[in-house]
Amino acid sequence: MRVGIAGRVKEVSYAIRDLVVHAEKLEAEGQKITYLNIGDPGLYFDTPEHLKEAIFEAIYSGFNRYAPSKGLPELREAICFKENKINGVRGLEAEDVIVTAGISEGIQMFLGAIAEPGDEILIPGPSYPPYISFAKFYGAKPVMFRCIEEQGWQPDLDDVRKKITDKTKGLILINPNNPCGSVYDPKVLSELISISGEYGIPLVSDEIYDQIVYDKEFTSTASISKDVPVIGFNGFSKAYLVPGWRVGYMYFYDPEEQLTELRENIEKETRIRICTNTPAQKACVSAIYGPQDHIPELVSKLKERRDFTYKRLNEISQLSCVKPEGAFYAFPKIETEKWKDDKDFVLQALFETQLLFVNGSGFDPTYGRGHFRIVFLPSIKVLEEAFNKLESFLKKSV
Ligand SMILES: Cc1ncc(COP(=O)(O)O)c(C=O)c1O
């Protein structure tokens, strides 16, 4: 067969899932793996009852047809309610919202609409990998700006400015951040908004962990921007515990209508993929207007797990870890030269302890190097066992 593989797909990788292949092989040999690699809260926290009922109700009341490509109007209204009332974005209307199959599809559509081969996309280093992979997929160059570990992984504003060129087509922010767990300071956000305005570079703010913060308040980028447009990304996968429903959204905060052409072209992209899962969209309306008590419960449990993770990791002499302020990830530094690189470390840890982490270079070869990511969603009991194993593994390898 003359199967031609397009060059663009050869560049695509997703460290979080790529490593699972090794773990599955061990599992097939009868070993029990502790997966601390995937940020799926649905593995450890049950979906709220009212949402399970809502999706059945949606199916039984006929929401089984194609939905409008931009999303169900009642969901887009509900999203505006949430973003305006809870996150303080001003004046968002249903027309400004596009429902996507998770933020993942939003990333693909946004970059698909703006990135030409040779263009550059500014992305936090380290970053959630699909921003890097989709940029490459469209032939653009992901340009990583430094986030400063010693300053709680806040973006380095000088580095952002230094890396802007004529080819820069987008500036991505992830707040709260995956993989570092940082929550951006409002002052830093204001500066990033000014940079976007000054250079006329579209600003994206991925806020999927907006409701999962511990000791610091979350500030939505659009809520503090006056005239600079912001493209907000968010969804239901994390705080509402329905990652498998694949419902997310993007909104355009665009008081001076500078993004009209971009918006129209992204809308064209939504039409070629028809729509997002209809019953799941309908049920997500209930996620916004229904009871919210599972969220403080989730955050309080995660805060205990965060505190425990932070304490234990810093007790292990070959590791150091910044305190995560949001999301459910810790991103410790490996303070030893014992391993060839962080991937070697993660693979050896998997083979010897059956713990699966993600290597930091999978989130950026420069700024993620020498680190690894731990998901602290599991119970303290599971985490305790994992950290004990990790500690003895590291002691043995000195
Ligand atoms: C920063 C960030 N954005 C987006 C996603 C994916 O979201 P969705 O399930 O809405 O595609 C994740 C998932 O881990 C994430 O960490």
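In each ligand, atom 1 is the first atom listed, and ligand 1 is the first ligand listed. Numbers here simply count residues along the sequence, with the first being 1. These numbers come from the heavy atoms of this one structure, side chains and all, not from hydrogens, waters or symmetry mates.
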Ligand 1 contacted by Gly248 (non-hydrogen, < 4.0 Å): no
Counterpart residues, side chain to side chain contact (heavy atoms under 4.5 Å, CB included), relative to Val375 (two or more places apart): Tyr329, Arg373, Leu377
Ile174 neighbourhood, listing ligand 1 atoms whose heavy-atom distance to it stays under 4.0 Å: 1 (C)
Pairwise side-chain contact, Met144 with Thr366, heavy-atom cut-off 4.5 Å (strictly under): no
Test of ring centre spacing under 6.0 Å for Tyr367 and Phe145: no
Numbered atoms of ligand 1 (with element) below 4.0 Å of Lys238, judged on heavy atoms: 13 (C), 14 (O)
Polar contact flag for Tyr131 and ligand 1 (N/O pairs, less than 3.5 Å): no
Part of Arg246 with heavy atoms under 4.0 Å of ligand 1, whether side chain, backbone, both or neither: side chain
Test applied, side-chain contact (heavy atoms from CB on, under 4.5 Å); reference residue, Phe233; option that passes from Tyr249, Tyr251, Phe110: Phe110
Ser104, portion touching ligand 1 at heavy-atom distance under 4.0 Å: both
Which of the ligand 1 atoms, numbered from 1, are nearer than 4.0 Å to a heavy atom of Ser237: 8 (P), 9 (O), 10 (O)
Within reach of ligand 1, part of Phe236 (heavy-atom separation under 4.0 Å): neither
Sub-6.0 Å ring centroid separation between Tyr310 and Phe376: no
The one among Asn178, Ile172, Val375, Asp206 that brings a heavy atom closest to atom 2 (C) of ligand 1: Asp206
Ile103 and ligand 1 - part of the residue with a heavy-atom distance under 4.0 Å: both
Side-chain touch Thr353/Leu390, heavy atoms, less than 4.5 angstrom: no
Side chain Asp119, main chain Lys169, donor-acceptor under 3.5 Å: no
Arg76 and Ile98, any side-chain heavy atoms less than 4.5 Å apart: no
Per-atom contacts of ligand 1 with Gly102, taking only distances under 4.0 Å to non-hydrogen atoms: 8 (P), 10 (O), 11 (O)
